[in-house]
Amino acid sequence: MPEGHTLFRLAREQQAAFAGREVHVTSPQGRFAGQAEMLDGRVLDDVTSYGKHLFAAFGPDVVHVHLGLYGTFTSGTGLPPEPRGALRMRWEGPGEDGEGVWTDLRGATACELITDGEVQLILDRLGPDPLRKRSDPAKAFARISRSRVAIGALLMDQAVLAGVGNVYRAEILFRQRLSPFRPGKDVAAEEWAAMWADLVVLMRAGVKAGRIVTTERADRERRRGPALRDDAHYVYRRTGLPCRICGTEVRTEVMVGRNLFWCPTCQAV
DNA sequence: TAGAAATGTTTAG
DNA sequence: TAAACCTTTCTAT
């Protein structure tokens, strides 16, 4: 489930559960075994995220995690379950009240030990993240407004904008009634301002809800109870179904190697 | 039980 | 542009 909101939420949860205390670090699968041994028993200083990257600092040594397409963290309190499957990294700590907390990482594209300098190199090649307060949307627009590449492709480029993935790409373009095929240079400053503001709202809502919900209806229902799962998106994965606004069949096409979903009527230009 | 698909990135050609 | 990487989950047979 990894777009930027997932990492933001994970960093916050792990910070609360483990930071400031010693962590028992293991790698039952073995792929992170050497590094786990080196970190085992040390105090975790803090956990932060930027875009889709997670950084956990143990003094000068930083665990860098990128979940990729299939990576997941699972966590709980009390005793951790018997390790099963390919368990790359496990953390165990005393938790707030000494009852015990644990978290397991599987399937990540990156789980590596890096230095502060290497963290900086990663941050340097990322565009502004709508979830970070200090992010400057003008930096993204400077690139977008100079590019002939389609806006649907630019939104997926982490050097332009950090944290947006395939779901937010499809949904933000629909909500702004913008064709994914419009060249970046033809996106007006006001259109970009509206898109950024909406991304901030949607991604914050994603952090809060723990999943991506972009429809007004799902929003309303969330206040009364859990939204219907298939009500959460306007176009993402709704190929061939009627558009929720105009009834036209939602279309799909591969753009930058990923399935793009859009309504050809609502998002005509 | 097998196969496909999945919210992603990097490297090779 | 395509393939590789890596794991889980859902669907079809």
Side-chain angles (χ1 to χ4, degrees), chain A residues 1-11 27-33 49-55 64-75 81-90 103-112 114 118-119 121-127 129-131 149-150 152-175 180 198-199 202-215 218 227 229-241 250 252-262:
Chain A
M1 332 168 198
E3 292 193 27
H5 68 296
T6 303
L7 282 299
F8 190 94
R9 190 180 160 102
L10 283 168
S27 177
Q29 172 211 43
R31 274 185 63 183
F32 192 64
S49 76
Y50 196 102
K52 299 169 190 168
H53 299 260
L54 188 83
F55 304 100
H64 168 228
V65 174
H66 193 296
L67 293 175
L69 196 49
Y70 339 101
T72 55
F73 275 104
T74 51
S75 58
E82 201 58 33
R84 257 192 326 284
L87 178 47
R88 185 87 57 87
M89 178 174 74
R90 167 173 279 180
T103 190
D104 288 351
L105 172 66
R106 333 176 103 85
T109 289
C111 175
E112 56 182 358
I114 63 176
E118 290 168 314
V119 170
L121 287 178
I122 292 169
L123 297 181
D124 286 347
R125 40 168 238 257
L126 294 175
D129 175 350
L131 286 171
V149 173
L154 290 169
L155 288 177
M156 298 286 278
D157 184 342
Q158 302 297 298
V160 172
L161 194 64
V164 169
N166 205 23
V167 182
Y168 279 125
R169 156 172 83 167
E171 296 295 300
I172 197 76
L173 288 170
F174 180 87
R175 284 173 57 110
D198 202 19
L199 274 174
L202 288 188
M203 292 179 75
R204 281 188 190 159
V207 171
K208 202 168 172 186
R211 67 194 188 92
I212 299 175
V213 179
T214 61
T215 53
R229 185 147 282 271
D230 62 3
D231 218 22
H233 311 129
Y234 281 112
V235 287
Y236 177 70
R237 295 249 271 169
R238 297 193 69 245
T239 312
L241 293 171
V250 172
T252 187
E253 183 177 300
V254 172
M255 182 187 273
V256 210
R258 314 295 306 283
N259 287 320
L260 167 72
F261 306 87
W262 83 103

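To find a chain, count down the sequence lines: A is the first, B the second, and so on, and within it residues start at 1. Keep in mind the model is a prediction, meaning the values are calculated, not measured.
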Note to self: Does A:E171 reach a base, just sugar-phosphate, or nothing at all? Heavy atoms under 4.0 Å.
What the structure shows: nothing
Check: Whole-Å distance between C:dC5 C1' and A:Q29 CD?
Finding: 13 Å
Item checked: Atom-to-atom span, CG of A:L7 to P of B:dG8 - whole angstrom -> 10 Å
Margin query: Say we look at C:dT1 and B:dT7: how far apart would their C1' atoms be, to the nearest angstrom?
Written below: 22 Å
Notebook entry, point to check: Can you say whether the rings of A:Y234 and A:F174 are parallel (under 30°), tilted (30 to 60°) or perpendicular (over 60°)?
Noted result: parallel
Next item on the list: Please state how far atom CG in A:L126 lies from atom P in B:dG8, giving the value in whole angstrom units.
Entry: 14 Å
Notebook entry, point to check: Just by distance, do the side chain of A:E3 and the backbone of A:V167 share a donor-acceptor pair under 3.5 Å?
Noted result: yes
Margin query: Could you check whether any side-chain heavy atom of A:P81 comes within less than 4.5 Å of a side-chain heavy atom of A:R90, counting everything from C-beta outward?
Written below: yes
Item checked: Among C:dT7, B:dG8, B:dA6, the nucleotide that comes nearest once only the side chain of A:N166 is considered -> B:dG8
Next item on the list: For A:Y168, answer base if it contacts any base atom (sugar-phosphate contacts may also be present), sugar-phosphate if it contacts only those atoms, and nothing otherwise; contact means non-hydrogen atoms under 4.0 Å.
Entry: nothing
Note to self: Could you tell me if the side chain of A:V149 sits less than 4.5 Å from the side chain of A:D157, heavy atoms only?
What the structure shows: no
Give me, pair by pair, the N or O atoms of the protein and of nucleotides 1-5 of chain B that are less than 3.5 Å apart, along with how far apart they are.
none

Margin query: Between B:dA5 and C:dA3, how many Å separate the two P atoms, rounded to a whole number?
Written below: 15 Å
Check: Do any side-chain nitrogens or oxygens of A:K52 fall under 4.0 Å of OP1 or OP2 in B:dT7?
Finding: no
Check: How far, in whole Å, is B:dT10 from C:dT8 if one measures between their P atoms?
Finding: 23 Å
Report each atom pair, protein N/O against N/O of nucleotides 10-13 of chain B, whose distance is under 3.5 angstrom.
from: B:dT10; atom 1: OP1; to: A:R125; atom 2: NH2; distance (Å): 3.1

Margin query: If only side-chain N and O atoms count, and only distance matters, is there a donor-acceptor pair under 3.5 Å linking A:H64 with A:E112?
Written below: yes
Notebook entry, point to check: B:dT9 C1' sits how many Å from A:L69 CG, rounded?
Noted result: 10 Å
Next item on the list: Locate the shortest heavy-atom distance separating A:C111 from A:R88; write the atom from each residue and the value.
Entry: CB-NH1, 3.8 Å
Check: Does the side chain of A:F261 reach to within under 4.5 Å of the side chain of A:R238, using non-hydrogen atoms?
Finding: no
Next item on the list: State whether the side chain of A:H5 and the backbone N or O of A:A209 hold a donor-acceptor pair below 3.5 Å, judged by distance alone.
Entry: no
